[in-house]
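By convention in this document, chain letters (A, B, ...) are assigned in the order of the sequence lines, proteins followed by strands, and residues within each chain are numbered from 1.
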Number of protein chains: 2
Amino acid sequence: METRYEKLERPRRLPDEIAARLTRQIDDGAIKPGDKLPTEQALANDFGVARTVVREAISQLKSDGIINSRQGVGAFVADSGTRTVFRIGEACFAKRKELAQILQLRTSNEAEAAFLAAAHRNEADLDAMNDQITIMRESLEKSGATNGERRYEAERQLYRNIARASGNGFFVDFLGMLDGRIDQSLRSVAIKNMIAVESRKEVLAEHEAVFEAIVEQDAEAARIAARTHFANAATRLISRANLADV
Amino acid sequence: METRYEKLERPRRLPDEIAARLTRQIDDGAIKPGDKLPTEQALANDFGVARTVVREAISQLKSDGIINSRQGVGAFVADSGTRTVFRIGEACFAKRKELAQILQLRTSNEAEAAFLAAAHRNEADLDAMNDQITIMRESLEKSGATNGERRYEAERQLYRNIARASGNGFFVDFLGMLDGRIDQSLRSVAIKNMIAVESRKEVLAEHEAVFEAIVEQDAEAARIAARTHFANAATRLISRANLADV
DNA sequence: ATATGTCATGTTGTCAGACAACATTACTTA
DNA sequence: TAAGTAATGTTGTCTGACAACATGACATAT
């Protein structure tokens with residue numbers, strides 16, 4: 001019996017820690033839009049680090065549109081409406097309410113992607129989807145961790161294929177980001193779920209319903225089927241994960 | 001007559017330029033996931049800048065999950081599935097096809113937010129929405145740039161209020177980011193649109209339909225009404241903007 | 001022969017100091 | 001009163017150094 005270990009996380013670097021603290025102060029309203037940050041030298045003194053470290057932290061915040069800096073003047077907190085990125089904090093995945101909201105966001109967008117895919121898909125798209133459905137079917141009756149992981153990966157690939165078939169690259173990127181974040185935080189839970197869930201046939205039927213609707217170019221049916229699956233998946237995931245009720 | 005000037009953009013800094021070039025190389029596939037980047041010193045020599053500048057650039061990419069670096073080893077391109085942020089490049093807003101896709105993404109999510117808002121809204125939410133509708137009505141018959149801008153801002157605020165009423169903070173953040181990016185790139189076009197569009201009454205009616213559905217807690221009607229408005233708005237915006245047909 | 005310990009090397013992470021580029025303010029001058 | 005000028009402070013960039021760490025080669029012991 002080979003015991004599997006999870007990859008261990010590397011220690012946080014100083015610039016990331018400082019970026020996180022500044023971000024939190026801004027999100028909490030301790031520093032408001034328009035306010036001027038302390039000078040880099042002052043921040044370096046306060047945090048007890050070199051100015052280069054502070055600069056790396058500020059560089060990160062600038063690239064997110066959280067702050068703007070002007071040479072010779074200073075760095076200022078930007079309006080909340082000027083953020084250039086959408087990101088989800090690590091901690092959100094550990095809280096029941098916030099995780100439910102994240103999965104709600106995903107469900108909506110996966111449903112829309114399936115809707116669009118039904119209209120735009122070509123034969124190559126269908127083949128790619130069918131490959132994953134086939135893997136799921138073959139793995140259906142088998143047990144064990146390896147097969148659970150195989151079904152999990154097949155499912156992820158199936159919905160990546162659907163997103164791609166939508167013809168809208170922004171859905172691909174956005175859903176890919178959401179899936180990656182969820183995988184990063186909840187992969188082991190999701191795979192355990194795959195192994196344990198007693199109603200595998202019903203889950204497979206959910207995927208098949210989505211696929212068949214896309215084959216038939218029935219966009220509304222695809223949307224409903226995808227929404228059904230991801231809503232169910234969210235319920236299963238939340239009930240199985242070990243979450244805080246903040 | 002006071003002529004208005006747009007805020008002028010400040011020159012790009014070296015770390016941002018380097019981060020952009022590296023990102024592009026990765027997106028283009030010139031450097032693939034798993035590949036090791038040149039050492040910081042080598043990059044500094046190639047670009048003809050100091051290592052601190054390269055480090056700031058890499059620090060940005062790390063915070064996006066595009067690369068991972070390990071002390072004593074090097075920096076490596078991460079798998080595309082491990083990106084921690086969703087961002088939209090500036091250039092996308094100038095291309096017809098990509099802008100259409102961005103607006104499609106927004107339409108879908110605004111519709112879902114309205115759907116959720118119909119179920120979760122409280123009286124304070126409705127008041128906030130009604131304030132904006134009132135502003136729109138009062139401004140309806142008036143002309144001029146100022147009134148166009150007023151209607152534009154009222155509309156933005158209305159849908160921010162709806163997103164907030166959804167009770168899901170991630171919709172608020174995501175839609176806020178999309179709206180901010182669109183505003184940044186197309187504000188003047190959108191306002192001109194507000195001033196010029198001959199069918200103001202019909203547009204106002206679209207907003208009122210969304211609002212009334214949310215008042216009546218008719219979630220499906222709210223979704224359809226919001227989808228209708230944003231789809232129409234997308235068509236208007238694209239037809240008026242000066243876009244490349246890449 | 002295999003496993004363990006040690007060291008040299010190269011890379012990233014952090015520190016310190018310096019100067020350039022720039023914006024603001026106060027001051028000077030026409 | 002208006003325009004020009006200098007002083008000051010901040011961010012942007014450069015340079016050099018050392019610390020922290022990982023890797024691979026080598027030596028040693030069992």
K.L.:
Is any N or O donor-acceptor pair between the side chain of B:Arg55 and the base of C:dT14 shorter than 3.5 Å?
P.N.:
no
K.L.:
Rounded to the nearest angstrom, tell me the gap between atom CG in B:Leu61 and atom P in C:dT12.
P.N.:
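One finds 14 Å between P of C:dT12 and CG of B:Leu61, rounded.
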K.L.:
Would you please confirm or rule out a distance under 4.0 Å between OP1 or OP2 of D:dT23 and any side-chain N or O of B:Lys36?
P.N.:
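It does not, given that no N or O in the side chain of B:Lys36 lies less than 4.0 Å from OP1 or OP2 of D:dT23.
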K.L.:
What class does the angle between the rings of A:Phe174 and B:Phe174 fall in, given that below 30° is parallel, 30 to 60° is tilted and above 60° is perpendicular?
P.N.:
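Because their plane-to-plane angle is under 30°, the rings of A:Phe174 and B:Phe174 count as parallel.
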K.L.:
May I ask you to evaluate whether B:Thr39 reaches the phosphate of C:dG10, defined as a side-chain N or O under 4.0 Å from OP1 or OP2?
P.N.:
no
K.L.:
Kindly indicate whether the side chain of B:Gln71 and the base of D:dA22 share any N or O donor-acceptor pair separated by less than 3.5 Å?
P.N.:
no
K.L.:
Looking at the side chain of A:Val73, which of D:dT23, C:dT24, D:dC14 is the nearest nucleotide?
P.N.:
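Closest nucleotide to the A:Val73 side chain: C:dT24.
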K.L.:
Whole angstroms only, please: what is the CD1-C1' distance between B:Ile58 and C:dT11?
P.N.:
11 Å
K.L.:
Side-chain N or O of B:Thr52 versus OP1/OP2 of D:dG12: is the shortest distance under 4.0 Å?
P.N.:
no
K.L.:
Can you find a heavy atom in the side chain of B:Thr23 that is under 4.5 Å from one in the side chain of B:Asp64?
P.N.:
no
K.L.:
Would you state whether a donor and an acceptor, one from the side chain of A:Arg51 and one from the base of D:dG12, lie under 3.5 Å apart?
P.N.:
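Such a pair exists between side chain and base.
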K.L.:
Working to the nearest 0.5 Å, report the span between CG of A:Leu43 and CD1 of A:Ile58.
P.N.:
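If we round to the nearest 0.5 Å, A:Leu43:CG and A:Ile58:CD1 are 5.5 Å apart.
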